[in-house]
Number of protein chains: 2
Amino acid sequence: MATVNSYTGRMPTPDRTSLDAIIAAARDLLEENGLAGLTMSAVATRVGVRAPSLYKRVPSRDRLLQLVAEATLLELAQRLDATDDLVEGARRFRAYGHERPAAFRMVMAPGAGAPLAGLELRAAASAPIIRAAAALAGEKHALAAARTFTAWASGFVSMELNGGFGLGGDVDEAWDFGVERLIAALSAR
Amino acid sequence: MATVNSYTGRMPTPDRTSLDAIIAAARDLLEENGLAGLTMSAVATRVGVRAPSLYKRVPSRDRLLQLVAEATLLELAQRLDATDDLVEGARRFRAYGHERPAAFRMVMAPGAGAPLAGLELRAAASAPIIRAAAALAGEKHALAAARTFTAWASGFVSMELNGGFGLGGDVDEAWDFGVERLIAALSAR
DNA sequence: ACCTGAACACCGTTCAAGT
DNA sequence: ACCTGAACACCGTTCAAGT
């Protein structure tokens, strides 16, 4: 309920920004300028306020980073949802890493300056994979198979994004090789 | 050649620290207090000088982080050297991650505040794995097989260190399962 | 030559004062 | 209620001055 301002007698100023706008600005800054470029001042400028105003919506920069991580995991989960094909799921997983490399790195390897996202969201993002792994490896080995496949995919994309694959060799070919061999290895015998 | 100080007429003060001591202090601080706790001031205190003195041996904090990453990769390469058994190599790789989790994370996922280590060192750490992969998968698939195995191992340990494996299930069991299936999958057909 | 205190720029965060 | 300038603590880094 909007009330008259006691000093001016006019209505209070309408909000000049929102939590969603702040998170969106933070995500953009992260991709454009890296974690070091994601300052409270830069976020504030981008949403059109001064840095202190951000603290009306977010308690700290750390918490903002966590919200960025959660938004990233949510988006990733949506991309993976409605796929029961492990090969296609892995392809989308990798594509998302290419689309948002900085956020992807932050989510896959927190601790190095970035906080962990909520565990429920991590679980949500991996749920489709576990389903597919169960179909492939059987219920008994579903969890271990999902972990094997997830570890490989996550490690592969992380190495790729970090320049971990030196020169030489076709990276796409290594991806296809890995998918093929892993699917074969995890299939129920 | 030590010369007489022109002002005091005495010998110059002997060095109170060294680059090696600075890197060692930085590595310890990284494990104890995380990346945020690895400040120039904290490093200086630990080696017994004031922060500005560090700049006589290291040009910047970023460069110091890079030296820490390189020392970590070198140590890891030494641990893996002289193993042509992929299972034993993977076991040592994982054990090193448990031994120095913060440095391991920094090396496996740089960019998130940490700079990349030299490419030669990355290559050195992966050389024994490529050798073992060649013996297993054959020369033709040696590189792709090494990448598959390395991506899995690196992804597995990273997830483990970052709490990426939610609750439930035996992580050691998932490791053994992954090793066994991967070795089988990568073996020449 | 190495070391230091002082100083500067920058960043996260708080707070009193504006509207 | 939201917003702001001013201020504070902290950190990386530079520099002139000591020895």
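Side chains are part of it too, since the values below use all heavy atoms of this structure and drop only hydrogens, waters and symmetry mates. Letters go in sequence order (proteins before strands), and every chain restarts at 1.
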Within this structure, what is the [atom1]-to-[atom2] distance between [X] and [N], rounded to whole angstrom?
X	N	atom1	atom2	value
A:Met40	C:dC10	CE	P	19 Å
A:Leu19	D:dA1	CG	C1'	17 Å
B:Tyr55	C:dT4	OH	C1'	15 Å
B:Leu35	D:dC11	CG	P	13 Å
A:Asn33	C:dC11	CG	P	12 Å
B:Leu54	C:dG5	CG	P	13 Å
B:Arg16	C:dC2	CZ	P	12 Å
A:Arg57	D:dC3	CZ	P	5 Å

Taking pairing as Watson-Crick or G-U wobble with both contacts under 3.5 Å, can you name the mate of C:dC15, or confirm there isn't one? D:dG5

Any strand, both distances under 3.5 Å, Watson-Crick or G-U wobble: D:dC10 pairs with none

Closest listed nucleotide, where the reference is the side chain of A:Val49 and the choices are D:dC2, C:dC3, D:dC3: D:dC3

Nucleotide nearest A:Pro52 when distance is taken to its side chain, options D:dG5, C:dC3, C:dG12: D:dG5

Would you mind checking if A:Glu88 and A:Arg92 are paired as a salt bridge, meaning a charged N to carboxylate O distance below 4.0 Å? yes

Would you give the length of the straight line joining atom CG of B:Leu80 to atom CG of B:Leu73, rounded to the nearest 0.5 angstrom? 10.0 Å

Gap separating the CG atom of A:Asp81 from the CG atom of A:Leu74, nearest 0.5 angstrom: 10.5 Å

Ring pair (Phe, Tyr, Trp, His ring centres under 6.0 Å), paired with B:Phe156, selected from B:Phe93, B:Phe165, B:Phe177: B:Phe165

Examine [N]: is either OP1 or OP2 under 4.0 Å from a nitrogen or oxygen in the side chain of [X]? Give yes or no.
X	N	answer
B:Ser53	C:dC2	no
B:Arg50	D:dC15	no
A:Arg61	C:dC11	no
B:Arg63	D:dG12	no

Answer with base, sugar-phosphate or nothing: what part of the nucleic acid does B:Thr39 contact at a heavy-atom distance below 4.0 Å? sugar-phosphate

Give a yes or no on whether B:Asn33 atom CG has more than 12 heavy-atom contacts from other residues, nucleotides or ligands under 6.0 Å away. yes

